[in-house]
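Just so it is clear, the structure is predicted and the values come from calculations on it, not from any experiment.
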Amino acid sequence: MIEQLESAAGMVVAGHRGYKSAYPENTLLSFKRAIEVGCHMVEFDLRMSKDREVVVIHDATVDRTTNGSGEVREQTLAELKKLDAGGWFAPEFEGLKIPTFQELCQLLAGYPDILLNVEIKSSPDAKDTADAAIELLHAYELYERCVFTCFDAEIIAYLYDHYGAKTQGFKAEVMRNFVHGENGTYSKMWVIGIEMSLLHREDVQAFRNRGLQVWSYCPDTTDSVLYAVGCGTPIMTCNDPLPALRIKQQLEGTV
């Protein structure tokens with residue numbers, strides 16, 4: 001199913017950590033709202049707890065996005081579930097919890113047209129996290145909707161070599177363990193994602209000449225969305241998807 005992006009004719013808008021600009025990131029509410037406003041894909045981050053449960057959280061620690069502290073991988077799922085993952089964003093979201101990946105899979109199974117950008121966060125447990133995540137994705141019949149992302153080139157290679165996964169990597173200068181050369185990291189990528197400050201039309205064409213799709217992240221204003229489209233990256237991951245969705249409607253003549 002994810003292969004449809006190879007021939008996508010128009011814009012494709014992904015919600016970064018759900019609807020990150022308006023809701024607490026990587027919560028079930030954030031993903032629901034991203035889908036409800038019209039995102040075609042959701043991007044999320046996976047890590048492993050101390051007792052080997054895959055959870056949806058971006059940072060290596062819980063400090064920024066919960067009322068707790070300490071490393072995710074040093075806390076059990078029960079300990080993580082005691083934390084408030086919403087109040088840090090705004091008082092009305094107090095009480096939201098860090099989702100398990102299984103909980104997110106259960107939610108996404110109810111939206112059969114939504115594509116998934118699964119980011120495996122760099123960590124000592126990253127390969128184990130990838131293995132457990134892929135097992136769950138197959139169990140919920142979601143695997144065919146997925147592209148897998150990581151900033152660690154070793155994990156990109158692992159996903160590609162062991163699973164034949166569709167992967168998204170990044171420019172060499174922003175990745176760890178990048179391998180140059182004909183059979184290096186770029187050869188393991190299906191997509192390269194380019195952050196807006198590094199996005200230039202010349203690079204887009206050069207990566208396309210390598211056979212890569214090129215996506216942009218995170219154009220969150222009308223001007224940045226138009227710039228991304230002008231550079232040739234109509235598939236984009238957004239913190240605020242509304243500007244991109246409005247432009248998509250205008251370009252497709254649906255408003």
Side-chain angles (χ1 to χ4, degrees), residues 1-8 12-20 23-49 52-58 72 77 80-81 85 96-123 125-152 155-169 188-191 193 213 215 217 235-238 241:
M1 186 174 171
I2 195 74
E3 287 86 353
Q4 67 186 257
L5 295 179
E6 292 177 332
S7 57
V12 176
V13 182
H16 188 221
R17 307 179 204 169
Y19 190 163
K20 181 177 179 287
Y23 299 92
E25 65 181 60
N26 280 322
T27 59
L28 295 183
L29 177 63
S30 185
F31 298 119
K32 287 179 185 176
R33 294 293 183 261
I35 294 167
E36 288 168 356
V37 299
C39 288
H40 314 89
M41 183 190 310
V42 289
E43 184 271 352
F44 49 86
D45 307 287
L46 300 182
R47 294 185 178 274
M48 189 168 275
S49 69
R52 317 298 286 173
E53 294 288 341
V54 181
V55 293
V56 186
I57 188 169
H58 179 273
V72 174
L77 179 60
L80 294 171
K81 281 294 189 181
L96 293 178
K97 299 300 181 182
I98 298 170
T100 64
F101 186 42
Q102 183 167 10
E103 289 170 333
L104 180 55
C105 286
Q106 290 168 347
L107 171 69
L108 294 173
Y111 298 94
D113 296 326
I114 295 298
L115 302 177
L116 316 180
N117 186 338
V118 184
E119 181 165 349
I120 307 297
K121 299 306 294 183
S122 300
S123 77
D125 307 311
K127 290 181 182 178
D128 292 339
T129 302
D131 292 338
I134 288 173
E135 183 176 350
L136 271 172
L137 288 163
H138 280 300
Y140 283 89
E141 299 183 347
L142 296 170
Y143 181 83
E144 299 302 323
R145 303 196 217 169
C146 295
V147 61
F148 294 86
T149 297
C150 192
F151 279 88
D152 186 338
I155 304 306
I156 292 291
Y158 178 75
L159 289 161
Y160 179 87
D161 293 339
H162 287 259
Y163 293 101
K166 295 286 192 291
T167 64
Q168 177 184 230
K188 312 286 187 180
M189 294 181 194
W190 185 55
V191 176
Q213 290 190 68
W215 300 356
Y217 73 101
I235 300 177
M236 57 190 67
T237 303
C238 304

**Student:** Would you say the side-chain atoms of Thr149 and Gln168 include a donor-acceptor pair closer than 3.5 Å?
**Tutor:**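 Yes.
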
**Student:** Measure the spacing between NE2 of His162 and CD1 of Ile134 and express it to the nearest 0.5 Å.
**Tutor:**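 Spacing of NE2 (His162) from CD1 (Ile134) equals 10.5 Å.
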
**Student:** Kindly say whether Lys188 contributes a backbone atom to a donor-acceptor pair with the side chain of Thr167 at under 3.5 angstrom?
**Tutor:**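 Present.
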
**Student:** Got Pro24 and Ser30 here, is their nearest side-chain heavy-atom distance under 4.5 Å?
**Tutor:**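 Side-chain contact under 4.5 Å: no.
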
**Student:** Could Lys81 and Glu103 be called an ion pair, given the rule that one side-chain N must be under 4.0 Å from one carboxylate O?
**Tutor:**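 So Lys81 pairs with Glu103 through a salt bridge.
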
**Student:** So, do Val42 and Leu116 sit near enough that their side-chain heavy atoms are less than 4.5 Å apart?
**Tutor:**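 Yes, at least one pair of side-chain atoms sits under 4.5 Å.
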
**Student:** For a 4.5 angstrom cut-off between non-hydrogen side-chain atoms, does Tyr143 reach Phe148?
**Tutor:**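 Sidechains of Phe148 and Tyr143: in contact.
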
**Student:** Hey, does Tyr217 have a side-chain heavy atom less than 4.5 Å from the side chain of Asn117?
**Tutor:**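 When only atoms from C-beta onward are counted, Tyr217 and Asn117 do not touch, as no gap falls below 4.5 Å.
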
**Student:** I need the minimum non-hydrogen distance between Lys97 and Thr27, along with the two atoms involved.
**Tutor:**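 Nearest pair, atom of Lys97 first, then Thr27: O-CG2, 4.2 Å.
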
**Student:** How close do Leu136 and Cys105 get, heavy atom to heavy atom, and via which atoms?
**Tutor:**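 For Leu136 versus Cys105, the nearest heavy atoms are CB-SG, 4.4 Å.
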
**Student:** Indicate yes or no for a side-chain donor-acceptor contact from Arg145 to the backbone of Asp113 under 3.5 Å, with no hydrogens or angles considered.
**Tutor:**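 No, the answer is negative, given that no donor and acceptor are paired below the 3.5 Å cut-off.
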
**Student:** Do the side chains of Val118 and Phe44 get nearer than 4.5 Å, heavy atoms only?
**Tutor:**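 A side-chain contact under 4.5 Å exists here.
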
**Student:** Nearest heavy-atom pair of Glu43 and Phe31: which atoms, and what distance?
**Tutor:**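 Where Glu43 meets Phe31 most closely, the heavy atoms are O-CE2, 3.6 Å.
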
**Student:** Salt bridge or not between Asp45 and Arg17? Use side-chain N to carboxylate O under 4.0 Å.
**Tutor:**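 Here Asp45 pairs with Arg17 in a salt bridge, since their nearest N and O are under 4.0 Å apart.
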
**Student:** Please examine the side chains of Leu108 and Ile35, heavy atoms only from C-beta on, and report whether any two atoms are closer than 4.5 Å.
**Tutor:**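 Side-chain contact under 4.5 Å: yes.
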
**Student:** Is any side-chain heavy atom of Lys121 closer than 4.5 Å to a side-chain heavy atom of Thr129?
**Tutor:**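 Not touching, per the 4.5 Å side-chain cut-off.
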
**Student:** How about CD on Gln4, more than 12 heavy atoms from neighbouring residues, nucleotides or ligands closer than 6.0 Å, or not?
**Tutor:**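 It does: Gln4 CD has more than 12 such atoms within range.
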
**Student:** Please report the closest heavy-atom contact between His58 and Glu25, naming both atoms and the distance.
**Tutor:**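 Answer, listing the atom of His58 first, then Glu25: CB-OE2, 3.6 Å.
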
**Student:** About how many Å separate CD of Glu135 and CD of Gln102, when rounded to the nearest 0.5 Å?
**Tutor:**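 Gln102 CD to Glu135 CD: 10.5 Å, rounded to 0.5 Å.
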
**Student:** To the nearest 0.5 Å, tell me how far Ile57 CD1 sits from Thr100 OG1.
**Tutor:**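 If I round to the nearest 0.5 Å, the distance is 13.0 Å.
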
**Student:** For the atom pair NZ (Lys20) and SG (Cys238), what is the distance rounded to the nearest 0.5 Å?
**Tutor:**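 If I round to the nearest 0.5 Å, the distance is 12.0 Å.
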
**Student:** What verdict does the side chain to side chain contact (heavy atoms under 4.5 Å, CB included) test give for Leu5 and Met41, after you've listed the backbone C-alpha separation in whole Å, the side-chain angles of each residue and the deciding distance to 0.1 Å?
**Tutor:** CA-CA 11 Å; Leu5 295 179; Met41 183 190 310; 3.5 Å; yes

**Student:** In Å and rounded to the nearest 0.5 Å, what is the CG to CZ distance from Asp128 to Arg47?
**Tutor:**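 Answer for the CG-CZ pair, Asp128 versus Arg47, is 14.0 Å.
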
**Student:** Between Asp152 and Tyr158, is any side-chain donor less than 3.5 angstrom from a side-chain acceptor?
**Tutor:**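 No, because no side-chain N or O of Asp152 sits under 3.5 Å from a partner of the opposite role on Tyr158.
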
**Student:** Check the angle between the aromatic planes of Tyr19 and Tyr23 and answer parallel, tilted or perpendicular using the 30° and 60° thresholds.
**Tutor:**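 If you compare the ring of Tyr19 with that of Tyr23, the planes turn out perpendicular.
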
**Student:** How close do Val56 and Leu104 get, counting heavy atoms only, and between which atoms?
**Tutor:**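 Looking at all heavy atoms of both residues, the shortest contact is CG2-CD2, 4.1 Å.
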
**Student:** Return the minimal non-hydrogen interatomic distance between Ile114 and Cys39, and the atom names on each side.
**Tutor:**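 Closest pair (atom of Ile114, atom of Cys39, distance): CD1-O, 3.3 Å.
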
**Student:** Would you say Asp125 and Arg52 make side-chain contact, with heavy atoms under 4.5 Å?
**Tutor:**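 Yes, close enough: below the 4.5 Å cut-off.
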
**Student:** Between CD1 of Ile120 and CE of Met48, what distance do you get to the nearest 0.5 Å?
**Tutor:**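 If we round to the nearest 0.5 Å, Ile120:CD1 and Met48:CE are 9.0 Å apart.
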
